[in-house]
Amino acid sequence: MNIALILAAGTGSRMGNADKPKQFLLVQNKPLMIHTIEVFDVNPNIDKIVISTNEEYVEEVKLMIKQYDLTKVAKVVAGGATRQISVYNGLQGCKEIGAKDDDIIVIHDSARPLISPRIIKDNIECCKAYGAVDTVIKATDTIVKSEDSETISDIPVRKELYQGQTPQTFKFSLIMQAHDAVKNKEVPNVTDDTKLVLLLGHKVHLVEGDKLNFKITTFDDLMMLKALLKIGKAEVL
Amino acid sequence: MFQLLYKVTSPGVIEEFIDTVDLESNKVLVKVDYMAICKADIRYFLGLRDPAILNQKYPLAPIHEAVGHVVKDDTGKYQIGDKVILIPNSVEEKYLNEFENQRCARTDLGNNYAIHSTFRSSSTDGFLKQFYVAEPELLVKYDSKIPANIAVFSELLSVAVAGLRRIIFSETNHVAIFGDGILAYITYIVFRHDHPDTKLTVYGIDKNKLSMFKECETKTYEEYNGEKYDTMIEIVGGKYSADAINKMIDMATVGADLILMGVSEEKVPLNTRLVLEKGLSLKGVTRSDNKDFEHVAKLLEEKEVQDKIRPMILSEVQINSVNDIYDAYKKDIENKTTIGKNVMKW
């Protein structure tokens, strides 16, 4: 079984004065997260969907699932204060709907609505072979490292650098093991699940992402998405 | 949800656009599986039409030959997973009552000749996208055992069916097809299936291509030795249309039917004196109707039909980016020697 775990527990703190988390903002009269979930809902490689969202929005999300006729959503769980807790709770949700050790969990940000079916397919195929997958794009800008935020401490070799996206995809047993290993521990500098898997000493393979699979984090990102949609509707450019 | 849609924006240029996919009520959401490039798509891509017309068309998503499977259905007509042929032409009901469209009700003609009818990839965006929201009547279900890379030839088959539907046959007629291209071959497949015992001759210029027409007589024009034909089907098109149609007029019996299916951008001078003298009928056919697609879905179930279509799959091009679409166009444009297409799949 292939389960999509959709993370929709962000606070939208980088969205200025928005009164709702970014994943609930309406784009083309539909919440952003619904656009994202629909891609998984109609994908033949996905069997079930689990959504991890803010505790206060669980009931609203359940209502939206009915309203938008999402047929594969099997569980909505309350996330937590950090990404790590939200994923962990989502994995518990996967367990409750019957996830087995060899099942594949495709973890994706609800704020990346331009995820393509090709990326989902590549994630699942690569995960079947290697057990752990990260979606990345090659860094095109030079990345500068600064330890004091004032001066450059290093300029890493660009060809070795990639920008991480989601999905991140794992065999269920592996990602559970990775989370159990750090459960109730404060693990510094962990921003995603691949880091936890690396801490176990397990290799994580790369799948090519897409620049369009960007995350809607700020108003600038939202403006970019809306601009792309307007261009798509233009009769004459 | 959102998806990528690809449009030709100017001659030789295909660009990516973001498209919103909304499953409206009483519609069906289809995942497009296979697509094929038509000669008309190539003409739009290369800019081989009147610039004034092209400027009105661009930007335009190409492709009107496609098959897919149902992923959601708000109509109750389809099951999830049903394999379907996408019908590219449609006309709104309100236009059918207009005086100039009333003749379309004739069963041999069909609604797709109506003024204001739309055709995907010509008057509206085509199927070059992963998901398509369709009216249920613009889909025809086909047997799931039929390979999708064969079913993608359905639109061409439907045009051949429409062409043959316009002819009143007597099985004793001697029939000739003029042309050795893909639509000629497809028409040969349909004709041979529907009329296995009728005498058929195919005229062409390329002996290699003619060798694919195995179950009939084939000839180059130089090999013509004075036979007369009761029914002739022109599928040459382009700049050689005039030569082919005038040869047909010469070879026609008195009262013969001439079916014109080749598209030409030029006006074609014809020997009308001989048309009058022989009392010939000329009928134009390029537009198929829903019932033609339904006939095709049945035809595709026949193993012998599938076996004849299979050699036309020259390659399968996996589309992951706009570059792959360019590659598929390039392959089809450069292919001058083999009957077939480089079919695209998502």
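Lettering of chains follows the sequences in order, A, B, ..., and the numbering in each one begins at 1. Reckoned from all heavy atoms, side chains included, excluding hydrogens, waters and symmetry mates.
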A.B. asks: Sort A/Ile34 into side chain, backbone, both or neither according to what part of it lies under 4.5 angstrom from a heavy atom of chain B.
C.D. replies: neither

A.B. asks: Under the side chain to side chain contact (heavy atoms under 4.5 Å, CB included) criterion, do A/Arg118 and B/Ile319 qualify, and how do the steps go?
C.D. replies: CA-CA 9 Å; A/Arg118 193 273 302 164; B/Ile319 305 298; over 6 Å; no

A.B. asks: May I ask you to check whether over 12 heavy atoms, not counting those of A/Asn29, lie within 6.0 Å of atom CG?
C.D. replies: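 Counting neighbours around CG of A/Asn29, 12 or fewer heavy atoms of other residues, nucleotides or ligands fall under 6.0 Å, so no.
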
A.B. asks: Looking at B/Gln79, I'd like to know if its CD atom is crowded, meaning that more than 12 non-hydrogen atoms belonging to other residues, nucleotides or ligands lie closer than 6.0 Å.
C.D. replies: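 No, because the 6.0 Å sphere around CD of B/Gln79 holds 12 heavy atoms or fewer from other groups.
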
A.B. asks: Please confirm whether the backbone N or O of A/Asp69 pairs with a side-chain atom of B/Lys72, one donor and one acceptor, at under 3.5 Å?
C.D. replies: yes

A.B. asks: Atom NZ of residue position B/Lys141 - does it have more than 12 heavy atoms of other residues, nucleotides or ligands inside 6.0 Å?
C.D. replies: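 Open: at most 12 neighbouring heavy atoms sit under 6.0 Å from NZ of B/Lys141.
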
A.B. asks: Heavy-atom cut-off 4.5 Å, strictly under: side chain, backbone, both or neither for B/Leu4 against chain A?
C.D. replies: side chain

A.B. asks: Are there over 12 heavy-atom neighbours, none belonging to B/Glu302, within less than 6.0 Å of that residue's CD?
C.D. replies: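 Enclosed: over 12 neighbouring heavy atoms sit under 6.0 Å from CD of B/Glu302.
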
A.B. asks: Should we count NZ of A/Lys95 as having more than 12 external heavy atoms under 6.0 Å?
C.D. replies: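 Open.
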
A.B. asks: Are the side chains of B/Met1 and A/Val42 in contact, using a 4.5 Å heavy-atom criterion?
C.D. replies: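 Yes - at least one pair of side-chain heavy atoms lies under 4.5 Å apart.
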
A.B. asks: Taking atom NZ of B/Lys330 as the centre, does the number of heavy atoms from other residues, nucleotides or ligands within less than 6.0 Å exceed 12?
C.D. replies: no

A.B. asks: For atom OH of A/Tyr130, is the number of surrounding heavy atoms from other residues, nucleotides or ligands below 6.0 Å larger than 12?
C.D. replies: no

A.B. asks: When you look at A/Leu228 and B/Phe2, which way does the side chain to side chain contact (heavy atoms under 4.5 Å, CB included) test go after all the steps?
C.D. replies: CA-CA 11 Å; A/Leu228 287 169; B/Phe2 306 118; over 6 Å; no

A.B. asks: Would you give the length of the straight line joining atom CD1 of B/Ile18 to atom CG of A/Leu212, rounded to the nearest 0.5 angstrom?
C.D. replies: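 Result: 5.0 Å between the selected atoms.
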
A.B. asks: Can you tell me which of B/Gln318, B/His69, B/Gln130, B/Lys31 forms the most heavy-atom pairs within a distance under 4.5 Å of chain A?
C.D. replies: B/Gln130

A.B. asks: Look up atom CG in B/Leu29 and atom CG in A/Asp41, then write down how far apart they are to the nearest 0.5 Å.
C.D. replies: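 Rounded to the nearest 0.5 Å, the CG-CG separation comes to 10.0 Å.
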
A.B. asks: Given B/Val21 and A/Glu38, is the side chain to side chain contact (heavy atoms under 4.5 Å, CB included) satisfied, shown in steps?
C.D. replies: CA-CA 10 Å; B/Val21 185; A/Glu38 281 178 334; over 6 Å; no

A.B. asks: With a 4.5 angstrom heavy-atom cut-off, could you sort out which part of B/Gln3 is near chain A: side chain, backbone, both or neither?
C.D. replies: neither

